[in-house]
Engineer: 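Take this structure first; my questions come after.
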Amino acid sequence: MSDNPRPPVGTRLTRTGWDTPDALTETMVRAVVDAFYDKARRDDVIGPVFNRVIAPEQWPHHLDTITDFWSSMLLGTGRYGGRPMPKHLAIPELSDAHFLRWLSLFRQTAEELCSPDIAVIFIERSERIGNSFRMNIAMRRGEDITRMGPLGRE
């Protein structure tokens, strides 16, 4: 028996602080993930990082994993059970410039594909995640994070 049982796939958990709009579906999550990573892989700033770290034949699996991550984050499906921080810590060149660009492209993608009420959910969550990752990475690199604020927008 697990201390953290996962709900059955497809189950929506009750969220505290916000309700999941009915229009925010698995199909929409997958569309945002696919469109974002299509842009990201071609981007001058973050594309070289993604394309160095993820081999071409690994992309289908990576997209499935990232879809599971966002499904868990936004729909409460519990499908993602990974640990993304160690993988990001292993990328020495990650900097604020990369996080700014990631957030900008993600925001653009959500705004293009989603209604405003759903785009704001994707954007708010991505900004929390991006800032958490960058602060955690900086801390583990031994940087002083006491004066780090959230990233602005590109």
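The first residue in the sequence is number 1, and the count goes up from there. Bear in mind the structure is a predicted one, so any value in this text is a computation, not a measurement.
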Engineer: A110 and I123: which non-hydrogen atoms are nearest, and at how many Å?
Structural biologist: CB-CG1, 4.2 Å
Engineer: Would you check if L94 and R141 make a side-chain contact, meaning some heavy-atom pair closer than 4.5 Å?
Structural biologist: yes
Engineer: So do W102 and V45 actually touch side chain to side chain, heavy atoms under 4.5 Å?
Structural biologist: no
Engineer: Please check: side-chain N/O of T20 versus main-chain N/O of L75, any donor-acceptor pairing under 3.5 Å?
Structural biologist: no
Engineer: Does this structure show an ion pair linking K39 with D43, if we count only N-O contacts that are shorter than 4.0 Å?
Structural biologist: no
Engineer: Identify the two heavy atoms, one from P150 and one from N131, that lie closest to each other, and give their separation to 0.1 Å.
Structural biologist: CA-OD1, 3.3 Å
Engineer: Say you draw a straight line from CD of E127 to CG of L103; how long is it, rounded to the nearest 0.5 Å?
Structural biologist: 6.0 Å
Engineer: Going by heavy atoms in the side chains, are L113 and T109 under 4.5 Å from each other?
Structural biologist: yes
Engineer: Taking all non-hydrogen atoms of both residues into account, name the closest pair between T77 and S71 and its distance.
Structural biologist: OG1-OG, 2.8 Å
Engineer: Out of curiosity, L63 CG to D38 CG, how far, rounded to the nearest 0.5 Å?
Structural biologist: 9.5 Å
Engineer: Please report the closest heavy-atom contact between W59 and I54, naming both atoms and the distance.
Structural biologist: NE1-O, 3.4 Å
Engineer: Scan F122, F106, W70 and name whichever one has a ring-ring contact (aromatic ring centres under 6.0 Å, His included) with F36.
Structural biologist: F106
Engineer: So, taking the atom named CE in M73 and the one named CG in D68, what distance separates them when rounded to the nearest 0.5 Å?
Structural biologist: 13.0 Å
Engineer: Taking all non-hydrogen atoms of both residues into account, name the closest pair between L105 and A40 and its distance.
Structural biologist: CD1-CA, 4.1 Å
Engineer: Would you mind listing every side-chain hydrogen bond (donor to acceptor under 3.5 Å, both in side chains) that reaches into residues 89-100, with sequence neighbours excluded?
Structural biologist: R52-E93, S95-H98, D96-R134
Engineer: Does any non-hydrogen side-chain atom of R79 lie less than 4.5 Å from one of T67?
Structural biologist: yes
Engineer: With a 4.5 Å limit on heavy-atom distance, are the side chains of F69 and I129 in contact?
Structural biologist: yes
Engineer: Look up atom CD1 in I118 and atom CD in E111, then write down how far apart they are to the nearest 0.5 Å.
Structural biologist: 13.5 Å
Engineer: Answer yes or no: is there a side-chain heavy-atom contact under 4.5 Å between R125 and V120?
Structural biologist: no
Engineer: With a sphere of 6.0 Å drawn around CZ of R128, does it hold more than 12 non-hydrogen atoms of other residues, nucleotides or ligands?
Structural biologist: no
Engineer: Before giving the answer on side chain to side chain contact (heavy atoms under 4.5 Å, CB included), spell out for F133 and L89 the whole-Å C-alpha distance, their side-chain angles and the decisive distance to 0.1 Å.
Structural biologist: CA-CA 9 Å; F133 274 37; L89 282 168; over 6 Å; no
Engineer: Side chains of L24 and V29: closer than 4.5 Å at any heavy-atom pair?
Structural biologist: yes
Engineer: Quick check: closest heavy atoms across A90 and P92, and the distance to 0.1 Å?
Structural biologist: O-CD, 3.2 Å
Engineer: For G47, does its backbone N or O pair with a side-chain atom of N51 as donor and acceptor, under 3.5 Å?
Structural biologist: yes
Engineer: Apply the test side chain to side chain contact (heavy atoms under 4.5 Å, CB included) to residues T25 and M28: give CA-CA distance (whole Å), side-chain angles for both, the deciding distance (0.1 Å), then the verdict.
Structural biologist: CA-CA 5 Å; T25 64; M28 180 173 288; 3.8 Å; yes
Engineer: So does D144 pair up with R147, basic N to acidic O under 4.0 Å?
Structural biologist: yes
Engineer: State, with a plain yes or no, whether a side-chain heavy atom of I121 is found less than 4.5 Å away from one of P21.
Structural biologist: yes
Engineer: What is the distance from atom CE of M135 to atom CD of E143, rounded to the nearest 0.5 Å?
Structural biologist: 11.0 Å
Engineer: Step by step, would you call V53 with K87 a side chain to side chain contact (heavy atoms under 4.5 Å, CB included)?
Structural biologist: CA-CA 9 Å; V53 174; K87 292 184 187 284; over 6 Å; no
Engineer: Evaluate whether atom CG of D44 has more than 12 neighbouring non-hydrogen atoms of other residues, nucleotides or ligands under 6.0 angstrom away.
Structural biologist: no
